[in-house]
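Written out below as structure tokens is the structure these notes cover.
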Amino acid sequence: MRLFLQIDISDWQQRGYDKPLSRYAPSLASDLMAADVDGQSDATVVDLVIRLVNQAEKVFVLIYAQAEVPIGSCSKLFTHFFKAESKIDSIVLSGKNEMAEKMIRPFGKKLHTELDSEKIKKLVEEFAEMKA
């Protein structure tokens, strides 16, 4: 099983609750599932996502970020990424958030910064085409 994980560190009320890539990604491959969290997610939801990361063979992380928005409960998830580093295929940061950037910077070559939604969609498609 591979995992597409969308993390929202933004004002979701301003951006909207719709998460089209979370619906799109699993439609691309039978072994690809999606999950999403945000900075206000309950700790039990974050723990569930951590379990999904542990069970996945590979993980694609998409982070929608906004400056000055606290990462909240997602800090535990970011910390967990270091324990599961071999499973992390790519981390795409869309937007700016100093704390999020600081926590994912060590992923180096796995880290991409992209604002263009079509280019992000293409990266998701490339992940889906990979063999697990």
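Heavy atoms only: backbone and side chains are in, while hydrogens, waters and symmetry mates are out.
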Would a 4.5 Å heavy-atom cut-off, applied to side chains only, mark [X] and [Y] as touching?
| X | Y | result |
| --- | --- | --- |
| Ser22 | Gln6 | yes |
| Phe4 | Pro26 | no |
| Leu52 | Met33 | yes |
| Lys76 | Ile50 | yes |
| His112 | Ile91 | no |
| Glu125 | Tyr24 | yes |
| Val37 | Cys74 | yes |
| Tyr64 | Leu93 | no |

Co-membership, hydrophobic cluster, residues Leu48 and Phe78, 4.5 Å side-chain: no
Shared hydrophobic cluster for Met1 and Leu77 (ILVMFWY, side-chain gaps under 4.5 Å): yes
Between [atom1] on residue [X] and [atom2] on residue [Y], distance to nearest 0.5 Å:
| X | Y | atom1 | atom2 | answer |
| --- | --- | --- | --- | --- |
| Asp36 | Leu62 | CG | CG | 10.5 Å |
| Met103 | Ile63 | CE | CD1 | 10.0 Å |
| Lys122 | Asp116 | NZ | CG | 13.0 Å |
| Ile71 | Ile9 | CD1 | CD1 | 5.5 Å |
| Gln55 | Lys87 | CD | NZ | 8.5 Å |
| Leu32 | Phe127 | CG | CZ | 6.0 Å |

Give me the atom names and distance for the closest heavy-atom approach of [X] to [Y].
| X | Y | answer |
| --- | --- | --- |
| Ser73 | Ser41 | OG-O, 2.7 Å |
| Gly95 | Leu115 | N-CD2, 3.3 Å |
| Ile88 | Lys110 | O-NZ, 3.0 Å |
| Ala29 | Ala128 | CB-O, 3.9 Å |

Derivation of the side chain to side chain contact (heavy atoms under 4.5 Å, CB included) call for Val124 and Phe60: CA-CA 8 Å; Val124 173; Phe60 182 101; 3.7 Å; yes
Is there a donor-acceptor contact under 3.5 Å from the side chain of [X] to the main chain of [Y]?
| X | Y | result |
| --- | --- | --- |
| Arg23 | Ala34 | no |
| Asp8 | Ala65 | no |
| Thr79 | Ser75 | yes |

Stepwise side chain to side chain contact (heavy atoms under 4.5 Å, CB included) test for Asn54 and His80: CA-CA 9 Å; Asn54 289 341; His80 183 73; 2.7 Å; yes
More than 12 heavy atoms of other groups within 6.0 Å of Glu98 CD: no
Lys58/Asp89 ion pair, N-O < 4.0 Å: no
Parallel, tilted or perpendicular: rings of Phe107 and Phe81 (30°, 60°): perpendicular
Check against side chain to side chain contact (heavy atoms under 4.5 Å, CB included), Lys96 and Gln66: CA-CA 5 Å; Lys96 294 224 175 262; Gln66 217 174 7; over 6 Å; no
